[in-house]
Amino acid sequence: ENLRFLAKARRLPQAADRITTLLELVDLTARADDLVATFSSGMKQRVKFAAALLAAPPLLLLDEPATNLDTAGLAMVERVASAHRAVGGLLVVATNDAAEAASYERVIRIEDFL
């Protein structure tokens with residue numbers, strides 16, 4: 001319902017198909033009809049990913065995307081990042097986690113520019 005509302009507010013065409021695809025991408029298909037208020041913090045994070053991707057933005061900015069996620073959630077973040085890059089999207093991730101940063105194509109360290 002939340003994603004349908006956002007799609008309607010943004011006047012996105014073919015929103016139902018896009019929402020189905022995004023729910024699969026973030027592993028929430030089985031919980032699609034559940035209230036977000038009943039979700040864990042990690043599941044709410046997944047909803048935020050789906051909402052961010054709904055309009056297929058060319059630039060996706062993620063701040064600490066692995067926060068509150070378990071191992072399956074971390075795999076979901078990688079799928080989201082890969083899917084976004086696969087369609088030509090630019091991904092910018094802010095993280096303090098060196099291992100997470102190492103998984104991306106290019107790393108810019110702020111202290112290198114101070």
Side-chain angles (χ1 to χ4, degrees):
E1 182 179 349
N2 292 312
L3 295 176
R4 283 193 304 269
F5 172 80
L6 287 172
K8 186 175 180 179
R10 294 177 180 169
R11 297 183 180 145
L12 299 176
Q14 301 172 345
D17 292 339
R18 179 78 175 148
I19 290 169
T20 298
T21 299
L22 290 172
L23 289 175
E24 290 171 6
L25 181 65
V26 299
D27 291 329
L28 285 178
T29 303
R31 302 289 303 267
D33 295 322
D34 294 352
L35 295 174
V36 173
T38 66
F39 287 2
S40 67
S41 60
M43 292 172 73
K44 289 176 182 175
Q45 184 86 338
R46 291 169 184 260
V47 173
K48 291 175 189 177
F49 274 100
L53 294 167
L54 191 58
L59 171 63
L60 187 59
L61 302 172
L62 302 177
D63 183 20
E64 300 285 346
T67 301
N68 297 322
L69 297 178
D70 57 11
T71 304
L74 297 175
M76 181 270 310
V77 170
E78 180 52 39
R79 280 194 315 277
V80 166
S82 294
H84 188 70
R85 289 190 307 257
V87 296
L90 177 61
L91 180 68
V92 177
V93 178
T95 183
N96 291 315
D97 184 338
E100 181 182 4
S103 69
Y104 295 108
E105 183 178 324
R106 185 176 299 154
V107 175
I108 299 171
R109 296 170 45 95
I110 290 178
E111 58 265 9
D112 293 343
F113 296 95
L114 296 177

Exercise for the section: May I ask you to check whether over 12 heavy atoms, not counting those of Arg10, lie within 6.0 Å of atom CZ? Expected result: yes
Exercise for the section: Can you spot which of Leu62, Asp63, Leu69 makes a side-chain contact (heavy atoms from CB on, under 4.5 Å) with Pro65? Expected result: Leu62
Handout entry: Any side-chain heavy-atom pair of Leu25 and Val80 under 4.5 Å
Key = yes
Practice task
For the pair Val92 and Leu59, evaluate side-chain contact (heavy atoms from CB on, under 4.5 Å) and give the outcome as yes or no after the intermediate values.
Solution key: CA-CA 8 Å; Val92 177; Leu59 171 63; 3.9 Å; yes
Handout entry: Approximate separation, where rounding is to 0.5 Å, of Asn2 CG and Arg4 CZ
Key = 9.0 Å
Problem - Ion pair Arg85/Glu78, N-O distance below 4.0 Å - result: yes
Practice task
Report yes if the side chains of Asp34 and Met43 come closer than 4.5 Å at any heavy-atom pair, otherwise no.
Solution key: no
Practice task
Take atom NZ of Lys48 as the centre, draw a 6.0 Å sphere, and report whether it contains more than 12 heavy atoms from other residues, nucleotides or ligands.
Solution key: no
Handout entry: Crowding at CZ, Phe5 (>12 non-hydrogen neighbours, <6.0 Å)
Key = no
Problem - Single-linkage hydrophobic cluster Val36~Leu23, side-chain heavy atoms < 4.5 angstrom - result: yes
Practice task
For residues Leu22 and Ala50, report the shortest heavy-atom separation together with the two atoms involved.
Solution key: CD1-O, 3.4 Å
Exercise for the section: State, with a plain yes or no, whether a side-chain heavy atom of Phe49 is found less than 4.5 Å away from one of Val77. Expected result: yes
Exercise for the section: Please name the pair of heavy atoms, one in Leu54 and one in Ala7, separated by the smallest distance, quoted to 0.1 Å. Expected result: CD2-N, 3.5 Å
Problem - Atom pair CD/CE of Gln45 and Met76 - distance to nearest 0.5 Å - result: 7.0 Å
Exercise for the section: Write down the atom of Lys44, the atom of Phe39, and the distance for their closest heavy-atom approach. Expected result: CE-O, 3.4 Å
Exercise for the section: Enter the distance from Leu3:CG to Thr20:OG1 here, rounded to the nearest 0.5 Å. Expected result: 10.0 Å
Handout entry: Non-hydrogen atoms of His84 and Leu90 that approach each other most closely
Key = NE2-O, 3.2 Å
Problem - Single-linkage hydrophobic cluster Leu53~Leu61, side-chain heavy atoms < 4.5 angstrom - result: no
Exercise for the section: To the nearest 0.5 angstrom, please state how far the CG atom of Leu28 sits from the CD1 atom of Ile19. Expected result: 12.5 Å
Exercise for the section: Keeping the roles fixed (side chain from Glu24, backbone from Thr29), state whether a donor-acceptor pair exists under 3.5 Å. Expected result: no
Practice task
Check Val93 against Glu100 and note the closest heavy-atom contact, atom names and distance.
Solution key: CG1-OE2, 4.0 Å
Problem - Between CG on residue Leu35 and CD on residue Glu1, distance to nearest 0.5 Å - result: 8.0 Å
Practice task
Show which residues join Ile108 in its hydrophobic cluster (side-chain heavy-atom contacts under 4.5 Å, direct or indirect), or state none.
Solution key: Phe113
Practice task
Considering non-hydrogen atoms only, spot the tightest contact between Arg79 and Asp27 and give its length.
Solution key: NH2-OD2, 2.7 Å
